[in-house]
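The shown structure was predicted, so the numbers you read here are calculated from the model rather than taken from an experiment. All residue numbers refer to positions in the sequence shown, counting from 1. Keep in mind that the numbers below use all heavy atoms, side chains included, and drop hydrogens, waters and symmetry copies.
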Amino acid sequence: MKKKQKVQLILLIGITLLTAIPIQSRECHWRDTWHTNNKMQTISLDANQLIEGDLDEITQVLSLKFLQNIGSVCLTITNQEGEIAYKETIQTGSTPLYVISLKHLNIEKGIVSITDGKNTIYSFIELQ
């Protein structure tokens, strides 16, 4: 085999292996709606349009992307026994992307909740 053919074969094998590896990432589906007041009118927004949540099962990392500034929120993660494993206040205007490692929290199943004191949304999480 010529050198060029070997390189092409290696690239083909590499691409095949990469596409065969399953992606172990799941999207968080937020439950409930987020209500905002805009010019004396209450607007209900689908929370999935405000916050993108992604749980990577391999690295055990939860990423939250705030698509809009919804102010100061409290993020809480509870384990399967209902105990608080993580709690943090986030300024969504200055922190549009928030990443949390779940490895040290020892959570297999739990709930991620986000509240501003008026609204509360939540998503179930499970690491396999």
Next on the checklist: I need the minimum non-hydrogen distance between Q49 and L67, along with the two atoms involved.
Outcome noted: O-CD1, 3.4 Å
Next on the checklist: Can you tell me if E108 has over 12 outside heavy atoms packed within less than 6.0 Å of its CD?
Outcome noted: no
Checklist entry - How far does CH2 of W30 sit from OG1 of T120, to the nearest 0.5 angstrom? => result 11.5 Å
Checklist entry - Is any side-chain heavy atom of R31 closer than 4.5 Å to a side-chain heavy atom of S123? => result no
Next on the checklist: Quick check: do L75 and T115 have side-chain heavy atoms less than 4.5 Å from each other?
Outcome noted: no
Next on the checklist: In this structure, would I90 and L55 fall into the same cluster of hydrophobic residues linked by side-chain contacts under 4.5 Å?
Outcome noted: yes
Checklist entry - Does some side-chain heavy atom of T76 sit less than 4.5 Å from a side-chain heavy atom of I84? => result yes
Next on the checklist: Quick check: do I125 and L102 have side-chain heavy atoms less than 4.5 Å from each other?
Outcome noted: yes
Item to check | Beyond-backbone contact of L105 with N79, side-chain heavy atoms, under 4.5 angstrom | outcome: no
Checklist outcome for this item: Cluster membership besides V61, Ile/Leu/Val/Met/Phe/Trp/Tyr side chains within less than 4.5 angstrom, sorted by chain and number, is L97, V99
Next on the checklist: Under the criterion side-chain contact (heavy atoms from CB on, under 4.5 Å), I'd like the reasoning laid out for E57 against E126: C-alpha separation, chi angles, the key distance, then a yes or no.
Outcome noted: CA-CA 8 Å; E57 293 180 358; E126 183 174 357; over 6 Å; no
Checklist entry - Would T78 and S113 count as a side-chain contact (heavy atoms from CB on, under 4.5 Å) if you check the C-alpha gap in whole Å, the side-chain angles of each, and the deciding distance to 0.1 Å? => result CA-CA 8 Å; T78 55; S113 63; over 6 Å; no
Item to check | C28 side chain reached by N48 side chain, heavy atoms, under 4.5 Å | outcome: no
Checklist entry - Which distance, rounded to the nearest 0.5 Å, do you find between the CD of Q91 and the CD1 of I70? => result 11.0 Å
Checklist entry - With a 4.5 Å heavy-atom cut-off, do I107 and I77 have their side chains touching? => result yes
Next on the checklist: Please report the interatomic distance NE2(H29) to CD1(I121), rounded to the nearest 0.5 Å.
Outcome noted: 13.0 Å
Checklist entry - Do the side chains of I114 and I51 get nearer than 4.5 Å, heavy atoms only? => result yes
Next on the checklist: Does anything in residues 77-106 form a ring pair (Phe, Tyr, Trp, His ring centres under 6.0 Å)? List the pairs, not counting sequence neighbours.
Outcome noted: none
Next on the checklist: So, taking the atom named CG in L50 and the one named CG in N119, what distance separates them when rounded to the nearest 0.5 Å?
Outcome noted: 9.0 Å
Next on the checklist: Would you say I111 ends up clustered with W34 if hydrophobic residues are merged whenever their side chains have heavy atoms under 4.5 Å apart, either directly or through other cluster members?
Outcome noted: no
Next on the checklist: Side chains of S63 and D54: any donor to acceptor distance under 3.5 Å?
Outcome noted: no
Item to check | Inter-residue atom distance C74.SG - K87.NZ, 0.5 Å rounding | outcome: 4.5 Å
Item to check | Exam field: side chain D56 to backbone Q60, donor-acceptor pair closer than 3.5 Å | outcome: no
Checklist entry - To the nearest 0.5 Å, what is the distance between CD (E88) and OG1 (T95)? => result 9.5 Å
Checklist entry - Can you name the nearest heavy-atom pair linking S72 to T89, along with the distance? => result OG-CG2, 3.3 Å
Item to check | Of all pairs that satisfy ring pair (Phe, Tyr, Trp, His ring centres under 6.0 Å), the ones with a partner from residues 105-128, not counting sequence neighbours | outcome: Y122-F124
